[in-house]
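Taking it in order: structure first as C-alpha cells, then the write-up.
Source: prediction; values computed, not measured. Note that the numbering runs from 1 along the sequence shown for the chain.
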Amino acid sequence: MKRIAILTSGGDAPGMNAVIRAITRAGIALDLEVYGVRGGFKGLYDNEIFKLGRKSVSEKLNRGGTFLQSARFPEFMNDDVVKVAADNLRKHNIENIIVIGGDGSFKGAMSLSRFDIKVIGIPATIDNDIASTDFTVGFDTAVNTAVEAIDRIRDTSNSHKRCSIIEVMGRDCGDIALHSGVATGAEAIYVDGESFTYDSVCKVVEEAQANYKKHALIIIAENICNVIDLAEYVEKKTQYTTRSTILGHVQRGGTPSAFDRYLASNFGAYAIKLILEDTYNVALGTNGANLFYTPIKDAVEMKNNDKEYFFKAAELLK
C-alpha cells in the first residue's frame, strides 16, 4: 500500500486544515496510507511523523490555522539537513509528500525532490504571492477579514471626519491591499514603494477635503513605511485629523471562508489524483474554475502578473 505524508510550512493560513482533511479523506478512500508531519520541515527533520485516519481530521474543515503546526526552519537550506529529513520519510516507507504553504515551502519541497522524494506543492498563504495560481488557500479569508475591519474603521472615520491610514499584510505582495482597498472604496491604495511618498498621501487627503468628503481612506501594504509616522506627518501638513491602524496577524487567523474551504478541498483531492497517476514535483494551481499543475521549479520562479488594470479601475471608482 502506497504511503504519503502531509506537511504544512511557513506562515499559517485559513484553510490549511481543510487541505489536510481533503488529502487524508481522499487518500484513505483510495487505499493510501496517510501520515502527518508535526511542525513543518523542522518536524520532518526531527522525525515527527505519525499516521492520520479519518477521525484525525474530523471537525477540522472550519478551523483556522493548521493542526499539524508549522515552524520557520532556515536550516533546511542545508543539504545535510534535507538528507536527514528525506531519510526519515524513507524510514516510514514514504516516498510521496504533499507540502502545503507558500514560495518558501515550495523551495523546501524542491530540496526534498533532489533526494528522490516525490513532492507536490499546494499553495496556501494569505499573501497570494504564488504566481502560478490565481488564488492561494487563505487569501480570500484574509481579504474578508481585512474588509470587515476596514469597514468598521470607516464608520468611525465618517463620524469624526478624519483620515484613516490602514496597513494590511501581504509581505512583498500587495494583493490584500489591492483587493481590500477596491472592496472598501479607498481613496488610495499603495502596494509598493514605487508610487508612494508622504506627500502623495497628503495630496490624496487634500483632494478629499476639497471634495467635501466625510473621510479619507488610505490602504497601505506592509513594509512600505511606518504608518504611525505617516499619520502624524499627514495631520501636521493637511490639518486633517488622521489615525493609523495596523491590522497585523488578525488577518492570518479565523474561520476560513466558503471559497477557501472549497478551494482547499479541491486541491487536496486533486493532489491524490496526481499521486495515483505518479505525477510529482509539481505545484497545483487554479485558473478560473480549472485546476492544473506546473513544475514546482517554474512555479517558484514565476513573477506575479501586472495588475495595472485593477489600479486604474480603483482610481476611477474612488
Side-chain angles (χ1 to χ4, degrees), residues 13 125-131 134-136 138-158 161-235 237-238 240-252 257 259 303-318:
T125 164
I126 68 167
D127 301 331
N128 205 43
D129 59 352
I130 303 294
D134 284 346
F135 296 108
T136 59
F139 172 68
D140 183 68
T141 305
V143 170
N144 286 330
T145 299
V147 167
E148 181 179 358
I150 294 166
D151 281 346
R152 292 172 183 267
I153 293 168
R154 183 173 181 170
D155 286 345
T156 192
S157 292
N158 275 329
K161 196 177 181 181
R162 66 173 53 146
C163 171
S164 290
I165 299 174
I166 302 172
E167 178 187 287
V168 298
M169 294 182 76
R171 202 173 54 166
D172 298 321
C173 178
D175 280 15
I176 294 178
L178 175 58
H179 285 243
S180 63
V182 171
T184 54
E187 273 64 48
I189 305 167
Y190 295 97
V191 301
D192 55 47
E194 290 185 15
S195 60
F196 170 82
T197 65
Y198 277 34
D199 287 332
S200 70
V201 178
C202 290
K203 182 179 179 182
V204 170
V205 174
E206 288 166 350
E207 288 175 355
Q209 286 177 303
N211 290 324
Y212 303 101
K213 287 196 171 185
K214 294 180 180 179
H215 71 276
L217 181 60
I218 314 295
I219 307 298
I220 297 184
E222 63 182 334
N223 298 326
I224 291 179
C225 72
N226 183 317
V227 293
I228 297 173
D229 290 346
L230 174 60
E232 292 177 356
Y233 181 89
V234 170
E235 181 166 326
K237 185 161 184 179
T238 67
Y240 199 92
T241 304
T242 305
R243 298 288 182 268
S244 62
T245 303
I246 300 173
L247 295 187
H249 283 76
V250 67
Q251 296 157 92
R252 286 253 291 264
S257 67
F259 178 83
K303 301 300 181 183
N304 282 313
N305 294 328
D306 183 15
K307 296 184 172 63
E308 183 180 354
Y309 168 80
F310 299 101
F311 285 107
K312 288 181 178 178
E315 181 70 19
L316 292 172
L317 297 172
K318 72 179 183 179

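- Considering only heavy atoms from C-beta on, Phe139 comes within 4.5 Å of Ile176 through its side chain.
- Between Ile220 and Leu230 the shortest side-chain heavy-atom distance falls below 4.5 Å.
- Gly138 and Ile126 make their closest contact through O-CG2, 3.7 Å (heavy atoms, listed as atom of the first residue, atom of the second, distance).
- Of all heavy-atom pairs spanning Thr242 and Ile165, the tightest one is CG2-CD1, 3.8 Å.
- Contact detail for Gln251 and Ala146: the closest heavy-atom pair is OE1-CB, 4.1 Å.
- Atoms OG1 and CE, from Thr125 and Met169 in turn, are 9.0 Å apart once rounded to the nearest 0.5 Å.
- Each of Thr136, Asn144, Val143 was evaluated against Asp140; a single residue qualifies, Asn144, per the side-chain contact (heavy atoms from CB on, under 4.5 Å) test.
- Closest heavy-atom contact between Ala186 and Ile189: CB-CG1, 4.1 Å.
- Of the inter-residue distances, the one linking Ile218 atom CD1 with Ile166 atom CD1 reads 9.5 Å to the nearest 0.5 angstrom.
- Scanning all heavy atoms of the two residues, the minimum distance from Arg154 to Leu217 falls at CD-CD2, 4.4 Å.
- Atoms CD and SG, from Glu206 and Cys163 in turn, are 11.0 Å apart once rounded to the nearest 0.5 Å.
- Arg162 has its side chain out of reach of Glu235: every pair of non-hydrogen atoms, C-beta onward, lies at least 4.5 Å apart.
- Going from atom CZ of Phe196 over to atom OH of Tyr190 covers 7.0 Å, rounded to the nearest 0.5 Å.
- Atom NE2 of His179 and atom CD1 of Ile219 lie 13.5 Å apart (nearest 0.5 Å).
- Counting heavy atoms from C-beta outward, Asp175 and Asp129 have side chains that stay 4.5 Å or more apart.
- In this structure the side chain of Lys237 never reaches within 4.5 angstrom of the side chain of Val205, judged on heavy atoms.
- Side-chain atoms of Thr141 come within 3.5 Å of backbone atoms of Ser257 as a donor-acceptor pair (strictly under, hydrogens ignored).
- With sequence neighbours left out, Ser244 forms a side chain to side chain contact (heavy atoms under 4.5 Å, CB included) with Val227, Ile228, Ala231.
- The CD atom of Glu167 sits 6.0 Å away from the CD atom of Glu222 when rounded to the nearest 0.5 Å.
- Residues Asp127 and Cys173 share a closest heavy-atom pair of O-SG, 3.4 Å.
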